[in-house]
Every structure is written in C-alpha cells, then in structure tokens.
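As the structure lists them, so they are numbered: ligands from 1, and atoms in each ligand from 1. Given the structure is predicted, the values throughout are model-derived calculations rather than measurements.
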Amino acid sequence: MLPLNDPLLLKGQLFINGEWVDGDSEESISVQNPATGIEICRVASATKKDTAFSIKCAQQALQTWRQTTAKHRADLLKNWYQLIVENIDDLACILNAEQGKPLAEAKAEILYGASYIEWFAEEAKRMYGDIIPSNKAGQRLLTLKQPIGVVAAITPWNFPNAMITRKVAPALAAGCSIIVKPAEATPLSALALAELAQRAGIPKGVFSVVVGVDSKEIGRELTDNPLVKKLSFTGSTKVGKILIKQCADTVKKVSMELGGNAPFIVFEDADIDQAVQGAIASKFRNAGQTCVCANRFLVHTSVYQEFTTKFVEATRQLEVGNGIDPKVSVGPLINAAAVQDVHGKVIGALEKGAKVLLGGSPSKLGENFYPPTILADVTPDMEIFQEEIFGPVAPIIAFDTEQQALELANCTEAGLASYVYTQNYSRIWRFSENLENGIVGINEGVISTEVAPFGGTKQSGNGREGSKYGMDDYTEIKYLCMGGI
Ligand code: ADP
C-alpha cells in the first residue's frame, strides 16, 4: 500500500456520473510502479457500454452546467485547486508510484497541473463576446461564446496529472462536461483528481473518468458517439492521426497535442554555461519523456567542443534510480518496451557512425532504466534525428552557418518546441520567426506555463492549451444579427 495521509485518494474503480463503479469488463488493469515492477493496485476496466453511459450522463449534466454562471464555475474550480494543493503530498506519492518520475518532479507537476485550474477559474469570467459595427443602418451585430458541449479527452502517461487538468479545467470553465480517458499505465492520478473534484462540489456527470484494457474500444465510442462534440488528445502522432480520422464521421472539433522533435540550437555567441543548464533541464526532465524535451542538439562548430565537454560533465552528475530517493534526478522509463525502443535508436545511430560520449548501454538498475546518454557525430539520416526519442538520449550535430542550422531545425515533420541560445538580438528575431514550431525557448530551457499558449505546428498537432487562447478549443462562437432597429 502507498503511504498516503488520505487513503481514499487511491481509487480502483471508474468514476462515472458522480459514482465510483466497476466496469462492465471482466478484466482489470494492473497498475505497476515502473521503478520496482511492483503492482500498486488494480483498476476496473471500462468497455464501450460504460463509455456510452458516461457520455449519456455527461450530456444530461451539460444541460444544467452550461446554464450556471461563470462565477459559480470559477468558485468550484477554485475549490478543486485548493484541495489539490492541500493534498499535494498524496498526489505526488501516487504520481511517483505509477509513473516513476522523481518525487520533487512529481510535486512540481501537481502544482503545474493545479495552476491550469486556477488560471481557467479566472478565465471563466472573461468569456467575452464582441459588438461588431454593422455595414447596414438599422442592424446590430454581436457574438457570444458558448460551451461546445460534451468533450472527450484522451491523455498520455508522461504527465498523468497535468495533462488531465490542462483539458478538464478549460472545459469546465467554458461550461462543457467532459469524459477523460487516461492512459492505462497511469490511471491513478486521474482518479484521485476526480475524487477531489467531487469533494470540490463539481456536479455529477460533469467530469467522469473511464479507463480500460482496450483503449481502442473506448476511443471508438468517444470518437463515434454523436453526443461528443469535441475530442482533445495528447499522445503520439500515430494515434492522433487515427483519432482525427475517426472524428471525421461526426465532424467533431479536435485539438491534438502530438509528438515533438525539438531542436536545441547553440550559436557561436551563446552563453555556453547557460546553454548547458538549459540543455540539462530540457533534455532530462521526466527522463526525457516529454514532448518538448530537446531531441536534437545543433551546435556551432566553433563552440562544439566546449559545449559538448561541459554538457557531458553536467550530465555525469545526474543520479539515476528509483525516484522516491531524493538524490535521484532521473527515474525509470515507463516500461521495458520504452527502454528497448530508445536503445534501438541509439544502436541505429552508432551503426551509422555516431559516437558515444556518455552512457549508451542499458542500465544495470533494471530493465526499465536507461542511463543519460550523449551521442556525437549524429547526422540527419539517422532515425534518432528524425524521430522523437522519448528517453534520456542527447544526439549532437555540428553546423557552420545560421542557414544550415535553420534547415536542420526545420527538416522534420514535427513542429512543437524549439530552443535557441544566442546573444544576438537580430538573430533571435530572425531565427525565431523562421522556425517552424509552436513554441520557441530563447536562452531558456523550461518553457511550459499555464499563462502561455502550448501547442504545435505541422504534424505536432493543432489547438493551444493554457493562456487566454486555451478556452477557444472548448467554445463555439455564435453570431447574432439583429435587424429592424
Ligand atoms: P504514448 O506513445 O505516449 O503511449 P499513445 O498515443 O500510444 O502515446 O497513447 C496516448 C493515449 O492514447 C493513451 O491514453 C492511450 O491509451 C490512448 N490510445 C492509444 N491508442 C488508442 C486508440 N487507437 N484509440 C483511442 N485511444 C488510444
């Protein structure tokens, strides 16, 4: 059992229409600690039938919820925020256990996740429409923003708390009801959030959580059911494309936060120590398992040696292990398949001529661990350059000119985050404007915050989460044309 102050936060059932229920499936999900392989608990498994029922209840709940005042919704969201902050130790304990990230990082994720709830509680009150000057006398034109309706959210295992709040908070703030399907590897954080939402007074059916052994079956119902008006997905580009296709038949609005392949560019005039610090923060957070992790280090030839030497030295200081130990800064990967996938990319790069500067072979700590690894002499034809790594591996590539750096940075299908280190202000503008990414970190390796828009271009998806734009994904604009005035 986990050492929780409030054991009621550990849930083994689904949360549908304000009730804790077993799924219709005979099976259940074994949730395991990736650092130890030990089962934390089993969670009931939902089927298509459970999912359809949760959608029907969300549609019913919507009728009342959408009529509530923004202030009322804001007050309930603030209650939820408070409860999350008060229960941070338990929530971080659950998150560390099911996902593996170090406890300090888990706590940071709880606060980060909660910050979206606080932010959207405030934004709920600012769902303004417009008065538009008409071209005709005797007419008045205006717009209203209204909740889109029932929302479905499918979320990944790398941020089991924050990816839920990032979608649920704007949906509830806008007056939508929402059904979340968390990843089957990490459902416990989502269920704990649902328990706290219920205690906060969020009405039944407004926020439900379904999860199951067959995510395709649940996903099918969420995408096919005509009562669902919007799908918000965070996960792989491959699954995102499937879900977009599935949503086409009922013409749902979709927002997709898909894979990245972030370039991290170090120019000859960069502050190298600052770049190394940013590189460590961006690359090794969550053991490299975030969609904005630096994926390719492009370094000007004149500072290649200095950056590489300092980066290797700083990376060597990172301690790998079970994230419950406060000394550990790099925890396990989510499972052994993830380790094999990362190692396969490293082997592929070595076969094509890359050199290992650090790490590069599976860890002795167990099948779920992979050591921080740095590869030099990487080239664009390698899979490790083209694909998202999702592990603690840093490939380094040298460049000579700004144009070359730009071409290398932009030559993938992904367009989520990018990082640029330079002290030249004209280059900062020029380069940032030409990068094909939704997010640019300039002399900064940690870019994510609830006050700024998070999202990608190209095949990294569409829609923006957080910021003043974050509610747009959950609202429809209605135009009223008033004549005869
Ligand atoms: P990752 O590579 O991070 O595991 P995935 O895209 O595979 O990302 O998974 C992200 C989320 O999508 C998880 O909740 C997973 O259960 C869900 N998922 C995966 N495949 C499907 C599918 N075909 N239909 C609906 N959901 C899916």
### Nearest protein heavy atom with distance in Å, relative to atom 4 (O) of ligand 1
W157 NE1, 2.9 Å
### Task
Report the nearest protein non-hydrogen atom to atom 21 (C) of ligand 1: residue, atom name, distance rounded to 0.1 Å.
V239 CG1, 3.5 Å
### Query
Any heavy atom of N158 sitting closer than 4.0 Å to ligand 1?
no
### Query
In Å, rounded to the nearest 0.5 Å, how long is the span from OG1 of T412 to CZ of F385?
7.5 Å
### Query
Of the protein's non-hydrogen atoms, which lies at the shortest distance from atom 5 (P) of ligand 1, and what is that distance?
S236 OG, 3.6 Å
### Query
Under 4.0 angstrom from ligand 1, any heavy atom of F233?
yes
### Query
If you count the atoms of ligand 1 from 1 in the order shown, which ones are under 4.0 Å from a heavy atom of G219?
25 (C)
### Query
At what distance is the nearest protein heavy atom to atom 16 (O) of ligand 1, and which residue and atom is it?
E184 OE1, 2.6 Å
### Message
At less than 4.0 angstrom from any non-hydrogen atom of T155, what atoms of ligand 1 do you find?
### Response
11 (C), 13 (C), 14 (O)
### Query
So with a 6.0 Å cut-off around NZ of K204, is the heavy-atom count from everything else above 12?
no
### Query
Under the 4.0 Å line, does any protein heavy atom show up next to atom 9 (O) of ligand 1?
no
### Query
Has Q277 got more than 12 heavy atoms of other residues, nucleotides or ligands less than 6.0 Å from its CD?
no
### Message
Can you confirm if the NZ or CZ of R464 lies within 45° of the ring axis of Y469 and under 6.0 Å from the centre of its six-membered ring?
### Response
no
### Query
How about P395 and I389: do any of their side-chain heavy atoms sit closer than 4.5 Å?
yes
### Query
Do F120 and L172 touch side chain to side chain, with heavy atoms closer than 4.5 Å?
no
### Task
Decide whether the shortest distance between a heavy atom of P182 and an atom of ligand 1 is less than 4.0 Å.
yes
### Query
Would you say Q63's side chain and Q59's backbone share a donor-acceptor pair under 3.5 angstrom?
yes
### Query
Within the structure, does K181 bring an N/O atom to less than 3.5 angstrom of an N/O atom in ligand 1?
yes
### Query
Any sub-3.5 Å donor-acceptor pair from K101's side-chain atoms to N158's backbone N or O?
yes
#### Entry: Nearest non-hydrogen protein atom, atom 25 (C) of ligand 1
S215 O, 3.4 Å
### Message
Among all protein heavy atoms in this structure, tell me which lies nearest to atom 23 (N) of ligand 1, with the distance rounded to 0.1 Å.
### Response
K216 CG, 3.4 Å
### Message
What protein heavy atom lies closest to atom 17 (C) of ligand 1? Include the residue and the distance to one decimal.
### Response
I154 CG2, 3.7 Å
### Query
Between the main-chain N or O of I84 and the side-chain N or O of N87, is there a donor-acceptor pair closer than 3.5 Å?
no
### Query
Okay, side chain of R296, backbone of I397: is any donor-acceptor separation there less than 3.5 Å?
no
### Message
Within ligand 1, which atoms have a heavy atom of L243 less than 4.0 Å away?
### Response
24 (N), 25 (C)
